Amino acid sequence: MSGPDMRQIERETLLLWEHAFEPDPTLGEKFYLNVAYPYPSGAMHVGHGRTYIAPDVIARFWRMRGRTVLYPMAFHVTGAPVIGISKRISRGDQKAVSLYRDLYKVPPDVLAAFTDPLAIVRHFSDEYQRVMSECGISIDWRRRFTTVDPQYSRFIEWQWKHLREEGHVVKGAHPVRYCTQCDNPVGDHDLLEGEKAEILKFTLVMFRWNDALIPTATLRPETIYGVTNLWVNPDVTYVRVKVDGVIWIVSRQAAQKFTLQDHSVEILGELAGSSLIDQVVSHPLCGEIPILPARFVDPDMASGIVMSVPAHAPFDYIALRDLQSLGEYTGITPVPLITVPGYGTLPARDAVERAGIKNQDDPRMETLTQEVYSAEFGSGRLYEKYGGAPVKVARDAVAALMIRQYGSVPMYEFDTRSVICRCGGQVFVKILHDQWFLQYSDPAWKAQVSSLLEQMCLVPPEVRAEFERTVDWLKDWACTRKVGLGTRLPWDPAWLIEPLSDSTVYMAYYTIAHHLKSISPDLLTPEVFDYIFLGKETSSLPEREKLDAMRKEFLFWYPYDFRFSAKDLISNHLTFQLFHHVAIFPGALLPRGMVVFGMGLLNGAKMSSSKGNVFLLEDALHEFGADTVRMFLVGSAEPWQDFDWRNELVASTRRQIERFISTVEESHNATGIPDDLDGWLASRLQGHIARMTEALEHFQTRQALQEAFFGIESDLKWYRKRLPAGSDGSRYLWELCSVWVRLLAPVIPFTCEYLWKKLGNTDLVSFAPWPVPDPAAVDRKLELAEDLLSRTVEDIESIVKIIQMAPSAITIYTAPEWKRRVFVAVAAAENKGTVIKEIMKEEEMRKRGREVTDTVRQCTMLIHRLPPQIISQLIEEIPDEQAIFRKASGFLEKEFGVTVTVRDTGESMHAKAALALPFKPALVIE
RNA sequence: GCGAGGGUAUCUAAGCCAGGCCAAAAGAGCCGGACUUAAGAUCCGGUCACGAAGGUGUUCAUGGGUUCGAAUCCCAUCCCUCGCACCA
């Protein structure tokens with residue numbers, strides 16, 4: 001049986017759904033959820049699939065529960081990536097072309113148009129919509145927009161006007177990674193090499209040498225008191241340059257760097273490093289010192305000349321020792337200035353000697369330097385004669401002093417060498433001016449976000465800590481760019497608003513996006529948005545009727561209930577959008593919750609388009625069908641867990657759906673009259689409904705599926721096992737299937753629409769009422785009886801298996817009345833220690849002596865092994881086991897193919913019979 | 001390095017917060033059987049070890065500790081994932 005043609009069903013169902021999920025405000029309750037919109041620069045893979053399918057399951061669930069559900073979608077087009085992509089494609093870059101042509105399967109004529117960046121996003125946003133629809137995602141596409149639509153830009157301008165008025169936007173200078181070849185700042189993804197390089201702020205300590213200054217860059221300005229010499233690389237050519245009118249001696253590379261860091265630089269001439277050796281320089285804080293040669297000095301690091309503190313810097317110490325071992329400069333002794341626990345007077349010497357370093361070429365020098373550096377920074381103190389301050393404090397104080405009095409200036413430099421742009425050019429640190437910042441560092445703003453977070457529902461709860469940390473840690477964010485697509489800053493149009501800063505309150509835009517399409521962008525002044533979103537009246541508002549409708553619609557949907565996104569966005573986007581919301585919207589309209597997703601793996605490895613390790617969502621749809629893809633993606637792990645796509649696992653998901661289809665279809669054959677067994681099935685079903693509902697209320701899609709799919713399936717398995725031979729079950733199965741199809745509709749909606757119709761319904765299951773557990777259908781006694789039966793069957797099976805003998809007769813001995821009393825007494829006892837005493841108060845029990853104490857012990861063990869729920873039920877009433885087993889004897893005989901007798905323990909002298917306990921009958925198999 | 005989360009049987013994964021319901025749910029895979037001309041699907045059984053009576057033994061990253069009792073609590077170590085900013 002291959003089942004119905006799912007692809008055909010999908011096509012037909014999609015027609016039924018056209019315009020079905022386009023909600024307008026109602027009188028009822030709403031549920032508004034949204035997902036971070038995609039940047040459509042490539043094809044969707046199965047990882048994207050889950051990002052949008054999991055919220056769809058939630059959307060469909062609440063829709064069936066009667067809420068008016070809004071699930072909108074748009075496309076984030078702002079930023080620079082597509083510009084780079086289109087450049088690479090027009091340049092004929094093989095890697096880029098092959099990615100788009102071969103992996104994303106873009107047709108040649110479309111690819112040719114990709115020389116226009118907008119063509120890329122247009123193509124892929126259409127693809128996204130098409131594929132999302134094919135997945136059955138119930139999006140209201142009327143509200144679709146892109147972030148470069150003129151209406152959206154007007155909206156962003158409104159948003160930024162408010163941010164500025166609230167004082168959240170400030171101007172400043174900012175050091176950035178900068179490629180001189182591209183003449184642009186570069187981000188991580190623009191780098192060929194050195195992604196992890198951090199920008200460090202050095203202090204240039206200015207030593208005087210004749211008419212010139214020699215700047216040495218240091219991260220430890222406080223060590224100036226211990227400087228014994230400078231190091232210059234004798235093999236390097238240095239330059240004499242005029243910097244801001246003063247003569248400096250630096251490496252050639254450094255001279256170029258200064259031009260990018262707010263200095264005017266004019267090269268006057270060259271001089272060999274060797275010519276500087278043995279020259280004497282001076283600084284007011286350390287006096288006169290010589291220049292010594294050292295090969296470790298890198299001309300491409302900061303100024304290309306360093307100051308030497310052999311007492312505290314292992315590199316300096318070992319370089320000096322190397323020289324002195326050749327008999328040179330033996331007059332120089334290290335000058336200590338910091339005390340640090342765990343080290344002697346000369347920490348650098350201690351570290352070098354402990355590690356047994358031979359010379360300055362030893363590879364361990366880096367870690368050694370780090371070790372001394374951290375120790376001194378963490379617990380070091382300057383000598384009393386230098387003020388006695390902790391290093392932590394002295395560092396900034398001395399730097400400030402030098403800048404104020406001794407001509408020092410800061411210099412920015414990377415902590416690692418070789419930072420290379422994708423274009424192949426070297427990357428430098430440049431100070432950008434007139435940069436605009438969002439002042440996330442503002443404690444008052446942070447406090448507002450923190451208190452909003454406290455009220456918000458975060459799923460899973462573990463992410464709360466990370467959000468709180470992020471709010472604490474956020475610093476000012478450079479929010480404008482010179483290149484890319486986007487909206488211009490209204491008051492400074494030379495700048496574009498950066499992509500992470502123009503995507504923070506668009507959830508409000510969705511509520512009216514479809515109405516805005518019919519309004520000229522020119523009419524969308526800040527006053528118009530003030531009215532729609534804040535209810536602020538202004539005279540002569542245009543299109544008043546439309547605005548009123550929008551105001552009403554906005555207030556219907558807002559605030560949003562849940563925002564969904566992957567966990568990598570916690571530390572930026574998800575937190576940013578909270579900052580922006582509190583800045584603009586009143587308390588009653590602030591976000592209510594967020595759901596954070598895990599990441600996707602493909603066959604155990606990270607999914608990555610550039611490495612080709614992706615499985616395209618569309619391919620998955622074709623190969624497995626939409627419902628299979630959906631069920632796998634939301635069923636293999638909870639949304640916040642990472643999931644792993646493996647084709648062989650997905651294939652078995654498809655079989656599960658096929659099994660479900662045939663079960664429901666075959667329920668037509670069930671024509672029997674419902675009896676107790678159906679009562680049991682119905683009672684169990686109520687539990688499944690309740691638990692699945694609760695799971696979905698908590699976004700636990702996997703748990704929900706376990707409950708509703710496998711839970712019901714395994715009940716049916718037992719049900720069929722229990723049916724008399726030849727029976728297909730009762731009419732109750734129709735009812736069960738009606739519930740079952742609705743429970744699974746959020747997860748596998750195509751299949752369920754199909755089956756819903758087969759069950760004789762004419763409406764859409766997508767809008768059918770969600771099943772509600774019926775307390776009247778719950779029958780604990782029936783459930784307990786079946787439980788006893790199935791446990792007993794398991795026991796018999798396990799015995800039969802072990803004894804490896806074909807049984808000829810089975811006798812079930814139920815426990816005698818007095819044991820039931822003991823059982824209840826033990827189960828109900830507060831104090832298990834004194835329970836025997838209590839029981840022995842009865843004359844009848846005392847007569848039985850040891851038998852009773854043994855039973856107490858056995859009962860205690862049994863009680864520990866049974867679920868508490870069963871125990872509490874047993875305390876209330878021990879079922880009539882005789883009746884249960886007698887009633888099921890036909891079933892038992894069918895199961896084991898032998899006669900099954902049921903007896904009370906008292907009727908037998910058999911040794912085993914004495915083992916009977918309540919809910920654990922003794923079994924004799926012969 | 002810093003911040004957050006996590007490591008459970010062949011795999012995915014529940015259990016952990018509230019310690020005894022735990023040899024540890026569920027699914028998958030694998031093995032065996034039934035059905036079938038055969039394959040697939042389906043159904044039945046098995047899947048840590050031992051056991052001719054429903055049990056016993058050893059397991060929940062590693063090593064310690066608390067407790068009558070630990071996958072669950074505490075400490076240390078190792079490993080994995082995400083983030084560390086001008087980038088979507």
Side-chain angles (χ1 to χ4, degrees), chain A residues 1-3 36-39 41 76 78-82 174 176-177 185-190 196 198 370 374 432 435 437-438 440 460-470 472-481 484 498-501 503 566-573 576 596 598-599 601 604 606 635-638 640-644 646 648-653 655-656 658-659 662 702-703 705-707 709-711 713-714 717 720-721 791-792 794-805 862-871 912 915 920-925:
Chain A
M1 184 218 60
S2 63
Y37 48 22
Y39 185 80
S41 63
H76 196 203
T78 327
V82 281
H174 190 56
V176 296
R177 291 189 293 227
V186 286
D188 265 352
H189 57 282
D190 298 320
K196 289 180 82 185
E198 257 185 89
Q370 196 54 45
S374 310
L432 278 191
Q435 174 63 269
F437 291 88
L438 276 166
Y440 293 136
E462 291 80 41
V463 299
R464 187 172 291 278
E466 206 178 339
F467 272 106
E468 284 167 355
R469 286 289 311 168
T470 301
D472 262 3
W473 160 88
L474 271 182
K475 302 191 257 295
D476 292 352
W477 179 264
C479 58
T480 51
R481 298 286 176 276
E498 168 278 335
L500 282 179
S501 305
S503 53
K567 65 180 169 195
D568 52 347
L569 296 190
I570 293 178
S571 66
N572 48 55
H573 167 74
F576 288 3
V596 176
M599 317 296 284
L601 302 176
K606 206 187 283 183
S636 63
E638 298 292 5
W640 42 90
Q641 295 170 323
D642 295 348
F643 74 97
D644 190 6
R646 286 173 197 265
E648 56 298 356
L649 298 184
V650 182
S652 69
T653 302
R655 288 198 294 275
Q656 288 160 348
E658 282 166 5
R659 220 157 57 213
S662 55
R702 176 193 160 85
Q703 175 66 32
L705 205 56
Q706 291 273 336
E707 201 54 68
F709 189 85
F710 302 109
E713 198 178 50
S714 92
K717 199 166 149 185
R720 284 198 212 97
K721 194 171 177 169
R791 281 165 187 273
T792 307
E794 268 172 42
D795 278 355
I796 296 173
E797 278 170 350
S798 78
I799 295 167
V800 168
K801 199 182 75 194
I802 291 163
I803 62 177
Q804 289 174 359
M805 151 194 110
L862 178 60
I863 286 162
H864 266 150
R865 296 190 170 194
L866 290 170
Q869 204 244 321
I870 286 187
I871 297 299
K912 294 264 174 228
L915 293 174
K920 185 90 179 162
L923 302 168
V924 177
I925 297 170

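Lettering of chains follows the sequences in order, A, B, ..., and the numbering in each one begins at 1. Quick caveat, the model's predicted, so the values are computed rather than measured.
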According to a strict under-4.0 Å criterion, is A/Arg469 in side-chain N/O contact with OP1 or OP2 of B/A4?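 Looking at the OP1 and OP2 atoms of B/A4, neither is under 4.0 Å from any side-chain N or O of A/Arg469.
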Do the side-chain N or O atoms of A/Arg720 get closer than 4.0 angstrom to the phosphate oxygens (OP1, OP2) of B/C43?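 No, no such contact exists.
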Whole-Å [atom1] distance, [N] and [M]:
| N | M | atom1 | value |
| --- | --- | --- | --- |
| B/U62 | B/U67 | P | 23 Å |
| B/A71 | B/G63 | P | 14 Å |
| B/G57 | B/A24 | P | 14 Å |
| B/U12 | B/A25 | C1' | 14 Å |
| B/C60 | B/G55 | C1' | 22 Å |
| B/A53 | B/U72 | P | 34 Å |
| B/C74 | B/A23 | P | 22 Å |
| B/G5 | B/C50 | C1' | 40 Å |

Just by protein heavy atoms under 4.0 Å, how would nucleotides 20-25 of chain B read 5' to 3' in B, S and -? SB---B
Reckon [X] touches a base, only the sugar-phosphate, or nothing at all at heavy-atom distances under 4.0 Å?
| X | result |
| --- | --- |
| A/Asp644 | nothing |
| A/Ala566 | nothing |
| A/Leu500 | base |
| A/Leu923 | base |
| A/Lys717 | sugar-phosphate |
| A/Leu569 | base |
| A/Pro461 | nothing |
| A/Val186 | sugar-phosphate |
| A/Ile925 | base |
| A/Val924 | base |

Choose from [options] the nucleotide whose nearest atom is closest to any side-chain atom of [X].
| X | options | answer |
| --- | --- | --- |
| A/Ser636 | B/U12, B/A88, B/G54 | B/U12 |
| A/Ala922 | B/A88, B/C43, B/G54 | B/G54 |
| A/Ser571 | B/U42, B/G27, B/G83 | B/G83 |
| A/Lys475 | B/A85, B/C82, B/A26 | B/A85 |
| A/Glu462 | B/A14, B/G6, B/A4 | B/G6 |
| A/Leu474 | B/G54, B/A85, B/A14 | B/A85 |
| A/Lys606 | B/U81, B/A13, B/A85 | B/U81 |
| A/Gln656 | B/A28, B/A53, B/A14 | B/A28 |
| A/Pro81 | B/A28, B/C44, B/C87 | B/C87 |
| A/Lys567 | B/A88, B/U81, B/A13 | B/U81 |

Spacing between [X] atom [atom1] and [N] atom [atom2], to the nearest angstrom:
| X | N | atom1 | atom2 | value |
| --- | --- | --- | --- | --- |
| A/Trp640 | B/A13 | CH2 | C1' | 14 Å |
| A/Glu797 | B/G45 | CD | P | 6 Å |
| A/Arg655 | B/C43 | CZ | P | 11 Å |
| A/Glu658 | B/A28 | CD | P | 13 Å |
| A/Glu466 | B/U81 | CD | P | 16 Å |
| A/Leu601 | B/U12 | CG | P | 10 Å |
| A/Met599 | B/G83 | CE | P | 6 Å |
| A/Asp642 | B/U12 | CG | C1' | 13 Å |

Measure the shortest side-chain to side-chain distance between [X] and [Y] over non-hydrogen atoms and say whether it is less than 4.5 angstrom.
| X | Y | result |
| --- | --- | --- |
| A/Ile870 | A/Arg791 | yes |
| A/Thr470 | A/Leu474 | yes |
| A/Asp644 | A/Arg646 | yes |
| A/Lys475 | A/Phe437 | no |
| A/Glu498 | A/Ser501 | yes |

Lys/Arg-Asp/Glu bridge criterion (N-O < 4.0 Å) met for A/Lys567, A/Glu466: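 Result for this pair is no, no salt bridge flagged.
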Is [X] reaching over with its side chain to a backbone N or O of [Y], donor-acceptor style, under 3.5 angstrom?
| X | Y | value |
| --- | --- | --- |
| A/Arg702 | A/Glu638 | no |
| A/Gln641 | A/Gly598 | no |
| A/Tyr39 | A/Val82 | yes |

If you find the nucleotide of RNA chain B closest to A/Ser798 and the one closest to A/Val176, which residue's nucleotide is nearer the 5' end?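 The residue whose closest nucleotide sits nearer the 5' end is A/Ser798.
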Reading RNA chain B from 5' onward, which residue's closest nucleotide shows up sooner: A/Ile796 or A/Ala465?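 So the residue in question is A/Ala465.
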Could you check which nucleotide pairs with B/U67 in any of the strands shown, counting Watson-Crick or G-U wobble with both distances under 3.5 Å?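 B/U67 is paired with nothing.
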Could you let me know what B/G45 is paired to, Watson-Crick or G-U wobble, both distances under 3.5 Å, or none if it's on its own?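 With both distances under 3.5 Å, B/G45 matches B/C31.
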Under the 3.5 Å rule, do the base of B/A88 and the side chain of A/Asn572 count as making a donor-acceptor pair?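 Per atom types, the contact qualifies.
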Relative to the ring of A/Tyr37, is the ring of A/His76 parallel (under 30°), tilted (30 to 60°) or perpendicular (over 60°)?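 Parallel: the ring planes of A/His76 and A/Tyr37 meet at under 30°.
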Measure the CD-SG distance between A/Gln435 and A/Cys479 for me, rounded to the nearest 0.5 Å.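 It is 6.5 Å, given to the nearest 0.5 Å.
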